[in-house]
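Read through the structure below, which is laid out as structure tokens, and then see the notes.
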Amino acid sequence: MRALRWIAGALVPAALGGMWGWSEPFPASALSFLAVGQGDCVVLQHAGCTVLVDAAPATDRFDAGLRLAAPALHELGVETLDLVLLTHPDADHIGGLPSLARAFPIGRVAASRAFHDHKDLRRALRRAGIGEDRILWIDAEAHVSIGALEARIVAPPLARGAEDNQGSLFVHLTNGQASATLSGDAGVDTEAAVLARGEDWRAEVIMAGHHGSATSSGPRWLASVHPRYAVASCGRDNRYGHPSGSVLARYEAADAKVLRTDRDGTIRFTFGAEGVHLLAPVSRKERKDR
């Protein structure tokens, strides 16, 4: 895979709030769900640009951003992270940000304004060297345009005292033929609130909410998204029991093929003119031999 390069110079807010974009067209996109253990890290590569959704987990014992996400991104040919979307401030979603910032130049970071003063998010941003001038705070909805690919980002309102999970960003990616939907750790109540906005969340690929927890991926949400593939990002033998058996049954009833990073490793799709294509895993040796 060729190294990606930054094409359009900078990510600049447009005249109307909440719209950002790159203008260079490109024929295909790649969407990768990295195997980072019990956490999230999704990579969109399109038009020479890279967008990261969440930054892998990190604890005092193991930094998956350093040990897993960064090497995987290098294998994918990533040189710069042009935009990093942080769905919410849990350590399994933002813990690896400082390590990734040391490994790759980061253009901008975007997060829900509901977490503007969240101490854990502020600490991660500070350790990553991300100043306020590089942070895009999303009030309700934003759009990113990268050539033919569009991303709609919804920041649900977070009630005082509610769990951070309920303020997770919802992201819908589409090039008109292929599509994917991500929803962080949002639960069924937040899924219902987002559906009530009346937008189209249909997608061929869905990321199972909250790593496949029974608190997410409600029947109404699945009926609205109607995915062909569902990806559960979870750690092997994790203590939470993710993905839940009840959620797996819901996806089976919805005729969606379930893929799991704990069993399948990094999961990759291409977005082309004919829709989504699931790529077979490629070993490190095979990559070096190409």
Side-chain angles (χ1 to χ4, degrees), residues 6 10-14 17-22 29-34 36 39-47 49-57 65 69 73 76 78 80-101 104-116 118 120-122 124-125 128 130 132 134-146 149-156 158 164-174 179-186 190 194 201 203 205-207 209-211 231 233 271:
W6 174 241
L11 181 66
V12 181
M19 172 68 78
W20 316 305
W22 295 274
S29 313
L31 185 68
S32 305
F33 297 80
L34 302 188
V36 292
D40 281 2
C41 192
V42 183
V43 188
L44 171 67
Q45 295 168 279
H46 180 79
C49 300
T50 301
V51 177
L52 196 72
V53 182
D54 287 328
L73 288 167
L76 293 175
V78 172
T80 298
L81 300 175
D82 300 294
L83 175 63
V84 177
L85 299 174
L86 300 175
T87 60
H88 66 297
D90 282 2
D92 57 332
H93 293 253
I94 68 170
L97 181 65
S99 293
L100 291 178
F104 303 93
I106 293 178
R108 298 290 185 94
V109 173
S112 171
R113 191 173 290 279
F115 301 119
H116 183 275
H118 196 287
D120 294 338
L121 178 57
R122 283 294 180 180
L125 292 168
I130 305 294
E132 194 68 26
R134 293 163 60 197
I135 305 172
L136 301 164
W137 296 107
I138 301 174
D139 289 301
E141 183 174 347
H143 295 263
V144 175
S145 175
I146 313 171
L149 190 134
E150 300 286 337
R152 181 175 73 249
I153 309 163
V154 169
L158 184 65
D164 292 345
N165 288 351
Q166 305 312 320
S168 293
L169 295 178
F170 281 62
V171 183
H172 185 262
L173 305 167
T174 184
S179 51
T181 289
L182 318 173
S183 58
D185 283 357
T190 307
V194 169
W201 291 95
V205 179
I206 189 173
M207 190 169 200
H210 201 178
H211 318 286
V231 179
S233 183
F271 281 18

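Closest approach of His88 to Asp164, counting heavy atoms only: CB-O, 4.0 Å. Nearest heavy-atom pair across Ala56 and Cys41 is N-CB, 3.9 Å. Taking each heavy atom of Met207 and Ser183 in turn, the nearest pair found is O-OG, 4.3 Å. Smallest separation of non-hydrogen atoms from Leu169 and Leu86: CD1-O, 3.5 Å. Between Leu121 and Ala111, the shortest heavy-atom contact is CD2-CB, 4.2 Å. Residues Phe115 and Leu158 approach most closely at CE2-CD2, 3.6 Å, considering heavy atoms.
Note: Arg134 CZ to Arg108 CZ = 9.0 Å, rounded to the nearest 0.5 Å. For the atom pair Leu31 CG and Leu173 CG, the distance stands at 6.5 Å (nearest 0.5 Å). In this structure, the separation between CZ on Phe104 and CG on Leu73 is 4.5 Å, given to the nearest 0.5 Å. Summarising the geometry, atom NE2 belonging to His210 is positioned 8.5 Å from atom OG belonging to Ser168; distances are rounded to the nearest 0.5 Å. Between atom CG of residue Asp90 and atom NE2 of residue His118 there is a gap of 7.5 Å, rounded to the nearest 0.5 Å. In this structure, the separation between CZ on Arg113 and CG on Leu136 is 10.0 Å, given to the nearest 0.5 Å.
Contact check for Ser179 versus His172: side-chain heavy atoms found under the 4.5 Å cut-off. Taking the side chain as every heavy atom from C-beta outward, Trp201 and Val154 approach each other to under 4.5 Å. Two residues are said to be in side-chain contact when any heavy atoms from C-beta on lie closer than 4.5 Å; Val231 and Val42 fail this criterion. With a 4.5 Å cut-off on side-chain heavy atoms, Glu132 and Trp137 count as touching.
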Should Val53 and Thr87 be marked as a side chain to side chain contact (heavy atoms under 4.5 Å, CB included) after you check the CA-CA gap, both sets of side-chain angles, and the distance that decides it? CA-CA 7 Å; Val53 182; Thr87 60; 3.9 Å; yes
Check against side chain to side chain contact (heavy atoms under 4.5 Å, CB included), Val78 and Leu52: CA-CA 11 Å; Val78 172; Leu52 196 72; over 6 Å; no
Could you go through Ile146 and Val51, starting from their C-alpha distance and side-chain angles, then the distance that decides it, and tell me whether this counts as side chain to side chain contact (heavy atoms under 4.5 Å, CB included)? CA-CA 10 Å; Ile146 313 171; Val51 177; 3.8 Å; yes
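Put simply, the side chain of Asp82 gets close to the backbone of Thr50: a donor and an acceptor are under 3.5 Å apart. Side-chain atoms of Ser233 come within 3.5 Å of backbone atoms of Gly39 as a donor-acceptor pair (strictly under, hydrogens ignored).
Shown are Leu76, Asp40, Asp54; of these, the side-chain contact (heavy atoms from CB on, under 4.5 Å) with Leu34 is made only by Leu76.
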